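Everything quoted here is computed from the prediction, not taken from an experiment.
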Amino acid sequence: MSAQETKPVAQPEPVKELPKFEKSIADKIEGKFGSKAKIEFVKENRIRVKVSKEDVLEIAKFLRDEMHYDHAESVTGVDYPEDKEIEVVYHLGSYTDPVLAKQVLALATRAPREENPNPGSDNTKLPSLRDIFYSVEFHERECFEMLGVFFEGHPDNRRLLLPEDWADLPPMRKDFKLKGR
C-alpha cells in the first residue's frame, strides 16, 4: 500500500434498540431475580431466560403469578453431550392477558447428563413445572422418555410414546444409534 492509499476505516455497527415492551418484561425479571435469571435475548414477541434448576420453580411461579404467563405452549429439550447437560426449554404464553397474546417467553434450565442413562434413577433430574403450568403434563413425559430427564414431582413419569420395556438410550440423545443400520 502506498503512502497515498488509505485503509478504509471500519464503521461501528449501529446499536439496535431493543423492543420496548419485551425489554420491560426482561427488566422486571432481572429486577426481581438479578443474576438468578440470565436474559439470553430480547426480540420482538420473544424473550429467552436461562435459570438454574434450583431456581426454575420460583421463577416459573413469578412468571405465572406476576407476569401473567398462564400456560406452557410447548416443552422441548436439547442434548449437549460436550457440556454433559441436557437443556429443557418451556415456551410460555398467555391466554388471559391480551397484551401478552403474541409473546412467547422461553424459560430454559439444564440438568446433568449421564453417560450411561438410567432415567429416574440417575442425576438427570429437574423439578416438574406441572403444578405451576398444568399444560406441561404430557410434554414433560415426552422429555422423560426421549431425553431421559426425570421430572421430580410429576404425577405420572411413565412412558408416553415408547414401549414400557424400552431398554436402549433415550432416542433424542445425540449418541443414540439405530440398531442394524
When you check the gap from the basic side-chain N to the acidic O, do Arg159 and Glu164 get nearer than 4.0 Å?
no
Any donor-acceptor pair under 3.5 Å from Ser94 side chain to Ala101 backbone:
no
Rounded to the nearest 0.5 Å, what separation is found between the CZ atom of Arg64 and the NZ atom of Lys61?
7.5 Å
Leu105/Met67 under side chain to side chain contact (heavy atoms under 4.5 Å, CB included): CA gap, chis, key distance, verdict
CA-CA 11 Å; Leu105 188 143; Met67 302 302 295; over 6 Å; no
Do Phe21 and Gln103 have side chains that approach each other closer than 4.5 Å (heavy atoms only, starting at C-beta)?
yes
Heavy-atom nearest pair, Lys125 first then Ala111, reads O-CB, 3.7 Å
Over all atoms of both residues, closest heavy-atom pair of Pro170 and Met146:
CB-O, 3.2 Å
Atom CG in Asp97, atom CG in Asp70: separation rounded to 0.5 Å?
8.5 Å
Would you check if Ser74 and His91 make a side-chain contact, meaning some heavy-atom pair closer than 4.5 Å?
yes
Apply side chain to side chain contact (heavy atoms under 4.5 Å, CB included) to the pair Asn123 and Glu114, showing each step before the final yes or no.
CA-CA 7 Å; Asn123 289 321; Glu114 299 286 342; 3.1 Å; yes
Less than 4.5 Å apart, any side-chain heavy atom of Leu63 and any of Ile29?
yes
Determine the minimum heavy-atom distance between Gly77 and Leu147, stating which atoms define it.
CA-CD1, 3.4 Å
For Val51, does its backbone N or O pair with a side-chain atom of Asp55 as donor and acceptor, under 3.5 Å?
no
Taking 4.0 angstrom as the limit, do Arg110 and Glu87 come out as a salt bridge?
yes
Check whether Glu40 reaches the backbone of Arg48 with its side chain - one donor and one acceptor, N or O, closer than 3.5 Å.
no
Do Arg113 and Glu115 pass the side chain to side chain contact (heavy atoms under 4.5 Å, CB included) test, and can you show the C-alpha distance, the side-chain angles, and the key distance before you say yes or no?
CA-CA 7 Å; Arg113 180 191 193 275; Glu115 288 302 315; 3.6 Å; yes
For Thr76 and Val89, indicate whether the former's side chain and the latter's backbone hold a donor-acceptor pair under 3.5 Å.
no
When rounded to the nearest 0.5 Å, the distance separating CZ of Arg130 from CG of Asn157 is 11.5 Å
More than 12 heavy atoms of other residues, nucleotides or ligands under 6.0 Å from NZ of Lys174: yes or no?
yes
Do Phe138 and Trp166 share a hydrophobic cluster, counting only Ile, Leu, Val, Met, Phe, Trp and Tyr and linking them when any side-chain heavy atoms are less than 4.5 Å apart?
yes
Under a single-linkage definition using a 4.5 Å side-chain heavy-atom cutoff for Ile, Leu, Val, Met, Phe, Trp and Tyr, are Ile86 and Val78 assigned to the same hydrophobic cluster?
no
Inspect the surroundings of CD in Glu82 and state if more than 12 heavy atoms from other residues, nucleotides or ligands are less than 6.0 Å away.
yes
Taking it one step at a time, do Ser135 and His71 satisfy side-chain hydrogen bond (donor to acceptor under 3.5 Å, both in side chains)?
CA-CA 6 Å; Ser135 58; His71 71 283; over 6 Å; no
Kindly say whether Leu161 contributes a backbone atom to a donor-acceptor pair with the side chain of Glu145 at under 3.5 angstrom?
yes
What orientation do Phe150 and Phe144 show, parallel under 30°, tilted 30 to 60°, or perpendicular over 60°?
perpendicular
Can you find a pair of side-chain heavy atoms, one from Arg173 and one from Pro117, that are under 4.5 Å apart?
yes
side-chain hydrogen bond (donor to acceptor under 3.5 Å, both in side chains) assessment of Ser24 paired with Asp27:
CA-CA 5 Å; Ser24 73; Asp27 288 346; over 6 Å; no
Determine yes or no for a side-chain-to-main-chain donor-acceptor pair under 3.5 angstrom, with Asp83 supplying the side chain and Glu85 the backbone.
no
Residues Phe33, Glu30; criterion side chain to side chain contact (heavy atoms under 4.5 Å, CB included); working and verdict
CA-CA 5 Å; Phe33 296 103; Glu30 276 187 327; over 6 Å; no
Do you reckon Tyr80 sits in the same ILVMFWY cluster as Val149, going by side-chain contacts under 4.5 Å, direct or chained?
no
Only one of Leu129, Val136, Leu126, Asp156 passes side-chain contact (heavy atoms from CB on, under 4.5 Å) with Phe151, and that residue is Leu126
Calculate, to the nearest 0.5 Å, the distance between atoms CZ and NE2 belonging to Arg141 and His139 respectively.
12.0 Å
Hey, mind stepping through Ser128 and Glu140 against side-chain hydrogen bond (donor to acceptor under 3.5 Å, both in side chains) and telling me if it holds?
CA-CA 8 Å; Ser128 175; Glu140 286 184 347; 2.5 Å; yes
For the pair Glu58 and Lys36, find out whether any cationic side-chain nitrogen is under 4.0 Å from an anionic carboxylate oxygen.
yes
Quick check on the hydrophobic clustering: are Val42 and Val104 connected, directly or via other members, by side-chain heavy-atom contacts under 4.5 Å?
no
How many angstroms lie between NZ in Lys50 and CD1 in Ile59, if you round to the nearest 0.5 Å?
13.0 Å
Quick check on the 6.0 Å ring-centre criterion: do Phe133 and Tyr69 meet it?
no
Can you tell if the side chain of Pro119 reaches within under 4.5 Å of the side chain of Thr124, non-hydrogen atoms only?
no
Quick one: is the NZ or CZ of Arg46 closer than 6.0 Å to the six-membered ring centre of Phe41, and within 45° of its axis?
no
Does Phe176 share a hydrophobic cluster with Met172, counting links as ILVMFWY side-chain heavy atoms below 4.5 Å and allowing steps through other members?
yes
Does a side-chain heavy-atom distance below 4.5 Å link Pro127 with Lys53?
yes
